[in-house]
There are 2 protein chains.
Amino acid sequence: MTERPADTLLPASNPRNLAAIFDRNEVKDTYRISYLANSLVLPVYDDIKRDFGLNRGEYLLLFCLAHMPELTAQDVANMTGRPRNSISRAVHRMLSEGYLNRIPDAVDGRQAWLTITRKGRKLHETIVKGFEAREEQILGALDKKERQTLDRILQKLVLHTAGL
Amino acid sequence: MTERPADTLLPASNPRNLAAIFDRNEVKDTYRISYLANSLVLPVYDDIKRDFGLNRGEYLLLFCLAHMPELTAQDVANMTGRPRNSISRAVHRMLSEGYLNRIPDAVDGRQAWLTITRKGRKLHETIVKGFEAREEQILGALDKKERQTLDRILQKLVLHTAGL
DNA sequence: GGTATTTTGTTCCATTTGGAACATTATATC
DNA sequence: GATATAATGTTCCAAATGGAACAAAATACC
């Protein structure tokens with residue numbers, strides 16, 4: 001599905017009404033959810049890359065660690081769905097930058113426990129503001145009731161999906 | 001945000017409740033929308049790559065052309081948000097495979113008009129079934145009323161977003 | 001009409017991504 | 001205890017991606 005918001009889809013700016021694609025396809029919900037997701041995150045990831053030099057996997061790792069006391073690389077891979085090698089690379093990059101700690105597991109020699117450093121948490125807190133602003137820019141179009149309804153539906157769907 | 005569904009997030013299968021991330025972050029809606037979007041499309045893109053040898057950009061191009069009478073490369077770039085060079089590559093790949101026609105514009109020598117071929121439409125129709133099935137697998141968790149509500153909210157949001 | 005600037009799509013090249021192979025460690029099986 | 005299999009994270013390497021540079025065509029400006 002679409003990957004990024006386009007700014008010439010609506011009739012006002014494009015006589016050929018490219019926005020008709022929202023209604024004119026076999027999987028309208030998928031298309032629209034994907035469009036929204038990309039609208040929400042892609043501009044922010046661009047900013048993260050430009051301003052902080054982190055790629056997506058690196059920030060995702062930081063994001064996960066910012067919300068969990070400790071994780072293994074495997075946990076992160078499961079949470080993010082990214083391949084293990086991507087996580088491995090991100091771990092070692094972020095470790096060398098001082099954004100996380102990595103302590104080998106005392107029992108299982110294959111694993112190490114990852115925790116966020118103060119430096120890492122500070123960076124996360126700076127970066128996440130961009131996501132918050134973008135979320136408000138887009139979802140702010142909904143009124144309070146709609147926002148609550150969406151919240152309920154989203155939670156239902158993610159829990160359902162996570163159980164598949 | 002997360003990129004792909006994980007299958008070990010819920011407590012039933014993971015004692016450390018990785019699914020807590022859905023509630024435990026600053027941008028819950030963004031996270032959940034992104035999670036859903038990726039759950040909806042990524043497995044299908046994997047299938048497309050494996051079964052048909054098309055990358056994401058190539059299928060997106062086909063998808064756009066399947067729903068519009070004709071488009072320029074620029075249109076597709078605007079609709080999908082992908083860089084022009086990616087579209088250019090996809091155009092020439094799909095052209096050589098016989099999935100689209102490309103006719104230079106009579107007035108503007110820089111542009112060409114892209115239309116889907118019968119072969120291309122047939123391929124699209126085969127592929128989109130995978131998206132339909134996945135959409136139903138995930139969104140089928142909603143009842144009819146919820147589904148209608150989501151439809152309304154999604155349309156409101158995408159139109160708002162396209163106008164930003 | 002001449003020149004400057006913008007647009008459109010292509011090509012180049014560096015970075016990112018992700019499947020596969022791998023080494024080490026742990027678990028399962030006998 | 002010995003062997004087979006699976007799990008964990010790392011490294012290799014090919015493919016995908018995307019910014020920048022570019023050429024040709026169109027538009028803007030004088």
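So you know, we letter chains A, B, ... as the sequences are listed, proteins then strands, and number each from 1.
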Pair Tyr35(A)-Phe22(A), ring pair (Phe, Tyr, Trp, His ring centres under 6.0 Å): steps then yes or no
CA-CA 9 Å; Tyr35(A) 179 88; Phe22(A) 291 134; 4.8 Å; yes

May I have the distance from Leu60(A) (atom CG) to dT16(C) (atom C1'), rounded to whole angstrom?
14 Å

Assess the side chains of Arg84(B) and Gln74(B): does a donor N or O sit below 3.5 Å from an acceptor N or O?
no

Please determine whether a side-chain nitrogen of the Lys or Arg among Glu136(B) and Lys129(B) lies less than 4.0 Å from a carboxylate oxygen of the Asp or Glu.
no

Separation of dT16(C) atom P from Arg56(B) atom CZ, nearest Å, is 18 Å

Starting from C1' on dT8(C), measure out to CZ on Arg82(B) and report it in whole angstrom.
19 Å

Report yes if at least one side-chain N or O of Lys49(A) is closer than 4.0 Å to OP1 or OP2 of dT16(C); otherwise report no.
yes

Any side-chain donor paired with an acceptor under 3.5 Å for His124(A) and Tyr59(A)?
yes

Assign a letter to each nucleotide of nucleotides 2-13 of chain D from its 5' end: B, base within under 4.0 Å of a protein heavy atom; S, sugar-phosphate only; -, no contact.
-----BBBBBB-

Taking atom types as modelled and ignoring hydrogens, do the side chains of Glu97(A) and His92(A) form a donor-acceptor contact shorter than 3.5 angstrom?
no

Arg50(A) CZ to dG18(D) C1', in whole Å, measures 16 Å

Whole-Å distance separating the CZ atom of Arg93(B) from the P atom of dT10(C):
16 Å

Take the protein atom OH of Tyr45(B) and the nucleotide atom P of dG18(C), then report the distance between them rounded to whole Å.
14 Å

Separation of Asp46(B) atom CG from dA15(D) atom P, in whole Å?
17 Å

Within the side chain of His160(B), is there an N or O that forms a donor-acceptor pair under 3.5 Å with the backbone of Leu142(A)?
no

So, is Asn55(A) close to the dT15(C) phosphate, meaning a side-chain N or O under 4.0 Å from OP1 or OP2?
no

Do the side-chain N and O atoms of Asn55(B) and Glu58(B) include a donor-acceptor pair separated by under 3.5 angstrom?
yes

Leu54(B) atom CG is separated from dA16(D) atom P, nearest whole Å, by 10 Å

Touch class at under 4.0 angstrom, heavy-atom based, for Val76(B) against every strand present
nothing

